[in-house]
Amino acid sequence: MQIFKNCSIKKYNTFGIDVKASVLVEYDHDDEIIDFLKSNQDKILKLLVVGGGSNLLFQNDFDGLIIHPVGQRMEVIKEDENFIFIKASAGYVWDKFVEDTLNSKAYGLENLSLIPGTVGASVVQNIGAYGVEAKDFVDEVECLDLNSYEIKTIKKFDCKFAYRNSIFKNQLKDKVLVLNVIYKLFKQPKLNCEYTDIQKYFNGKTDVSAKDVREAVINIRNFKLPDPEQIGNAGSFFKNPIINQEKFDILIKKYEDLRFYNLPNGNYKLAAAWMIDKLGFKGFKHKGAAVHKNQALVIINETGEATGSDICELAEIIKEKVFQNFYVLLEPEVIYV
Ligand SMILES: Cc1cc2nc3c(=O)[nH]c(=O)nc-3n(C[C@H](O)[C@H](O)[C@H](O)COP(=O)(O)OP(=O)(O)OC[C@H]3O[C@@H](n4cnc5c(N)ncnc54)[C@H](O)[C@@H]3O)c2cc1C
């Protein structure tokens with residue numbers, strides 16, 4: 001375990017915001033962090049878990065303790081006729097985990113390839129892409145209760161998963177540290193190639209493997225999304241807003257080319273990127289921040305020196321314009337700290 005005091009967290013967040021944390025603890029094994037927290041419980045007033053920092057926007061120095069899991073462990077804990085249950089540590093790099101599951105002949109996560117971040121955060125965020133969400137494959141989550149220091153197991157159905165949401169972002173926010181996640185994966189591939197981009201990529205080819213799907217997703221993502229290693233960003237900045245029939249009827253009359261998805265409950269999910277693009281924001285700059293020139297939903301740290309406030313202000317400008325034009329309130333997917 002490593003303890004850093006008054007340290008810059010620029011390399012711990014993919015926006016590359018240069019603020020400081022009072023204390024940052026990097027741990028490998030669960031026992032290390034449990035012992036550390038128990039013996040420092042009187043001193044810890046404020047605490048934040050940071051995985052890959054790929055969905056966080058720091059606005060100020062963090063006056064508290066940052067816990068950063070780095071353990072890279074996975075093991076098969078049980079199998080039955082159809083499924084293989086794999087337990088992975090919170091710090092495991094998500095994309096490495098996806099690759100390793102496929103190499104272990106455990107299928108299902110291939111559509112979630114190349115999403116930045118860690119296994120721990122995958123359940124907090126209920127990550128999703130190309131028609132698949134983490135919740136489709138989570139079996140249970142092992143957490144440390146940050147009050148009692150007991151280890152608790154939360155079954156999938158108690159995780160209250162929803163679109164980019166879970167119990168860990170609500171009732172259990174700041175109350176638990178996810179230690180390990182148990183994923184229940186298929187022994188035989190059941191590919192999900194329905195998403196238009198994937199269909200286009202395969203161009204009618206049907207004889208494809210899970211590894212082919214992973215490769216397709218990686219290529220599509222590399223083409224579409226800016227690499228945080230090269231330009232600071234946190235992926236999609238806003239969630240796709242959900243509206244009811246009444247609002248939809250008004251908008252579709254005004255915008256024939258409105259981009260939306262029908263939801264099973266009769267509501268509509270609007271493509272936030274389409275609205276932002278429609279307002280001409282691609283490439284728009286504000287102080288050190290900008291809207292990506294090809295991806296309207298991605299805000300970047302253009303100069304490499306942007307502050308959290310620069311990014312926040314740009315997000316507000318976009319929100320206001322979208323509201324004025326579409327009467328829709330955009331909600332950030334990125335978490336403000
Ligand atoms: C280029 C790019 C593309 C992206 N594409 C997608 C995409 O396609 N789909 C998608 O869903 N997301 C996407 N994201 C967003 C991001 O990758 C995910 O939200 C990811 O799960 C964040 O993981 P992380 O480890 O970086 O979490 P962080 O950003 O470090 O943390 C996110 C939240 O989880 C909490 N947390 C993290 N680890 C733990 C833990 N062990 N215990 C308790 N709480 C914890 C944090 O406190 C915070 O609240 C993208 C981001 C980027 C930069």
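Counting convention: from 1, in listed order, for ligands and their atoms alike.
- Ranking the protein heavy atoms by distance from atom 35 (C) of ligand 1 puts V124 CG1, 3.9 Å first.
- With hydrogens and angles left out, the side-chain atoms of E110 and Y130 include no donor and acceptor closer than 3.5 Å.
- Put simply, the residue from K156, K155, K184, K87 that forms a salt bridge (charged side-chain N to carboxylate O under 4.0 Å, His left out) with E140 is K155.
- Residue, atom and distance of the protein heavy atom nearest to atom 9 (N) of ligand 1 are G128 O, 2.8 Å.
- Annotation for ligand 1: atoms under 4.0 Å from non-hydrogen atoms of L177 are 41 (N), 42 (N).
- Side-chain N/O atoms of N180 and D30 include a donor and acceptor closer than 3.5 Å.
- Sorted by first and then second residue, the ring-ring contact (aromatic ring centres under 6.0 Å, His included) pairs involving residues 73-98 (not counting sequence neighbours) are F83-F186, Y92-F97, W94-F97, W94-Y183, F97-Y183.
- The protein non-hydrogen atom at the shortest distance from atom 22 (C) of ligand 1 is S54 OG, 3.2 Å.
- Residue contacts with ligand 1 include P226, since one of its heavy atoms falls under 4.0 Å from the ligand.
- Under a cut-off of 6.0 angstrom, the local environment of CD in E313 is crowded, with over 12 non-hydrogen atoms contributed by other residues, nucleotides or ligands.
- Only the side chain of R164 comes within 4.0 Å of ligand 1, counting heavy atoms alone; its backbone N, CA, C and O stay farther away.
- With ligand atoms numbered from 1 in the order given, ligand 1 contributes 30 (O) to contacts under 4.0 Å with heavy atoms of V50.
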task: Kindly indicate, with the supporting measurements, whether the criterion salt bridge (Lys or Arg N to Asp or Glu O under 4.0 Å) is fulfilled by K253 and D249.
output: CA-CA 6 Å; K253 258 189 213 146; D249 290 341; over 6 Å; no

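- Residue S122 comes nearest to A134 through the heavy atom pair O-CB, 3.6 Å, listed as atom of the first residue, atom of the second, then distance.
- Using modelled atom types and a 3.5 Å distance limit, the side chains of Y163 and N126 yield no donor-acceptor pair.
- When hydrogens are left out, the protein atom nearest atom 19 (O) of ligand 1 is Q125 NE2, 2.9 Å; that is the closest non-hydrogen contact.
- Ring centers of Y27 and H68: at least 6.0 Å apart, outside the cut-off.
- Side chains of N103 and K211: a donor on one and an acceptor on the other come within 3.5 Å.
- Less than 4.0 angstrom separates some heavy atom of I115 from each of these atoms of ligand 1: 6 (C), 7 (C), 8 (O), 9 (N), 12 (N), 13 (C), 17 (O).
- Close N/O approach between T118 and ligand 1 is found [any backbone or side-chain N/O within under 3.5 Å].
- Ligand 1 has R221 within reach: a non-hydrogen atom of the residue lies less than 4.0 Å from it.
- Under 4.0 angstrom from ligand 1, the non-hydrogen atoms of A121 come from both its backbone and its side chain.
- Within ligand 1, counting atoms from 1 as listed, the ones closer than 4.0 Å to a heavy atom of G117 are 23 (O), 24 (P), 25 (O), 26 (O).
- Across the listed options I66, V132, V49, V49 owns the non-hydrogen atom lying nearest to atom 47 (O) of ligand 1.
- Of all atoms in ligand 1, numbered sequentially from 1 with element shown, those under 4.0 Å from a heavy atom of I335 are 33 (C), 48 (C), 49 (O).
- In this structure, atom 50 (C) of ligand 1 lies nearest to the protein heavy atom P116 CD, 3.7 Å.
- A salt bridge between D80 and K187 is absent, with no side-chain N of the basic residue lying under 4.0 Å from a carboxylate O of the acidic one.
- A cation-pi contact links K46 to F62, judged by a cut-off of 6.0 Å to the six-membered ring centre and 45° from its axis.
- Of the protein's non-hydrogen atoms, the one nearest atom 1 (C) of ligand 1 is N233 OD1, 3.5 Å.
- Ligand 1 places these atoms under 4.0 Å from at least one heavy atom of A90: 41 (N).
- From the protein, the heavy atom lying nearest to atom 28 (P) of ligand 1 is G53 N, 3.6 Å.
- Some N or O of V178 is nearer than 3.5 Å to an N or O of ligand 1, by distance alone.
- When only non-hydrogen protein atoms are considered, atom 15 (C) of ligand 1 lies nearest to N55 OD1, 3.7 Å.
- Judged by distance alone, the side chains of K43 and N40 do bring a donor and an acceptor atom under 3.5 Å apart.
- Each of the following atoms of ligand 1 lies closer than 4.0 Å to a heavy atom of A234: 51 (C), 52 (C), 53 (C).
- To the nearest 0.5 Å, atoms CG (L258) and CG (L251) are separated by 6.0 Å.
- At a heavy-atom cutoff of 4.0 Å, ligand 1 is contacted by the side chain of P228 but not by its backbone.
- Per-residue contacts place I127 under 4.0 angstrom from the following atoms of ligand 1 (heavy atoms of the residue considered): 11 (O), 18 (C), 20 (C), 21 (O).
- Geometrically, ligand 1 and G52 share a nitrogen or oxygen pair separated by less than 3.5 Å.
- Ring centroids of Y336 and F58 are separated by 6.0 Å or more, keeping the two rings apart.
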